[in-house]
Amino acid sequence: QKEVEQNSGPLSVPEGAIASLNCTYSDRVSQSFFWYRQYSGKSPELIMSIYSNGDKEDGRFTAQLNKASQYVSLLIRDSQPSDSATYLCAVNPGGANSKLTFGKGITLSVRP
Amino acid sequence: NAGVTQTPKFQVLKTGQSMTLQCAQDMNHNSMYWYRQDPGMGLRLIYYSASEGTTDKGEVPNGYNVSRLNKREFSLRLESAAPSQTSVYFCATRGTGVDTQYFGPGTRLTVL
């Protein structure tokens with residue numbers, strides 16, 4: 001069974017710090033990788049996608065992918081209290097009927 | 001442009017009752033998905049539809065049925081609700097040729 005593992009939380013960081021969220025996946029042929037943010041009581045919203053090895057930056061967010069190690073991470077620089085949410089890692093193995101496998105999520109709390 | 005809508009937002013059922021959760025999208029997307037989200041379990045795929053007229057089972061299909069009524073609408077039916085089906089249900093859509101899934105606001109279902 002394809003698995004997506006996220007390091008156990010919750011994670012607490014002070015305002016202004018870098019938050020590092022990690023995710024590993026079991027299916028070596030996985031093609032695309034996503035980070036969703038979910039505020040309490042709300043639906044998941046996409047914040048980053050990454051398809052190639054290396055880093056991808058978008059504002060304060062950086063996604064890092066290492067396919068050899070089957071590892072994807074999300075860095076949040078200058079963390080703000082508004083970043084407090086649950087972050088879900090999702091992996092798509094590819095193929096005609098594209099389906100995502102989600103990790104269980106990690107809850108981030110940014111302390112003012 | 002509402003995106004993905006779900007009805008109802010909240011529902012309480014008694015064991016054995018039936019109900020249908022509705023999902024509609026105005027994004028002209030071919031693929032639609034039903035997930036359930038339980039505490040500590042992440043998002044799990046119940047059923048999906050790659051296109052109008054097709055449906056297929058996901059990870060946790062038992063106790064559910066689906067109908068892809070047309071391109072816009074994808075409904076999830078509980079024929080005989082059980083307490084184990086207490087959960088938050090999310091509908092999602094995906095456009096052709098892209099991996100990104102867009103989520104509706106969710107339905108919070110309680111089965112007593």
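The structure displayed is predicted, hence computed values, not measured ones. Naming convention: chains lettered A, B, ... in sequence-line order (proteins, then strands); numbering from 1 in each chain.
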When hydrophobic residues are tied together by side-chain contacts of less than 4.5 Å, even through go-betweens, does [X] share a cluster with [Y]?
| X | Y | result |
| --- | --- | --- |
| A:Tyr25 | A:Leu74 | yes |
| B:Val60 | B:Leu21 | yes |
| B:Tyr47 | A:Leu100 | no |
| A:Ile106 | A:Val91 | yes |
| A:Leu21 | A:Leu88 | no |

Heavy-atom proximity to chain A below 4.5 Å, by part of [X]:
| X | value |
| --- | --- |
| B:Leu45 | side chain |
| B:Arg44 | neither |
| B:Ser31 | neither |

- Determine which residues belonging to residues 46-67 of chain A lie within contact range of chain B, meaning some heavy atom pair is under 4.5 Å apart, and list them by number or answer 'none'.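 If one takes a 4.5 Å heavy-atom cut-off, the residues of residues 46-67 of chain A near chain B are A:Leu46, A:Tyr51.
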- Query: When rounded to the nearest 0.5 angstrom, what distance separates CG in B:Leu43 from OG1 in A:Thr101?
  - Reply: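 Spacing of CG (B:Leu43) from OG1 (A:Thr101) equals 11.0 Å.
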- Task: Please check if atom CD1 in A:Ile18 has more than 12 non-hydrogen atoms from other residues, nucleotides or ligands closer than 6.0 Å.
- Result: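 No, not enclosed.
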- Stepwise side-chain contact (heavy atoms from CB on, under 4.5 Å) check, B:Gln101 with A:Tyr36: CA-CA 10 Å; B:Gln101 291 189 18; A:Tyr36 282 82; 3.6 Å; yes
- Flag the pair A:Lys99 / B:Tyr48 as yes when at least one side-chain heavy-atom distance between them is below 4.5 Å, and no otherwise.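 Yes, close enough: below the 4.5 Å cut-off.
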- Message: Counting only non-hydrogen atoms closer than 4.5 Å, does A:Gln6 touch chain B with its backbone (N, CA, C, O), its side chain (CB onward), both, or neither?
- Response: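 Contact with chain B is absent: no heavy atom of A:Gln6 under 4.5 Å.
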- Quick one: closest heavy-atom pair of A:Lys42 and B:Phe90, and the distance?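 A:Lys42 and B:Phe90 have their closest heavy atoms at O-CZ, 3.8 Å.
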- Message: Is it the case that the side chain of A:Ser43 and the backbone of B:Gly106 share a donor-acceptor pair, with hydrogens and angles ignored and the cut-off at 3.5 Å?
- Response: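 No.
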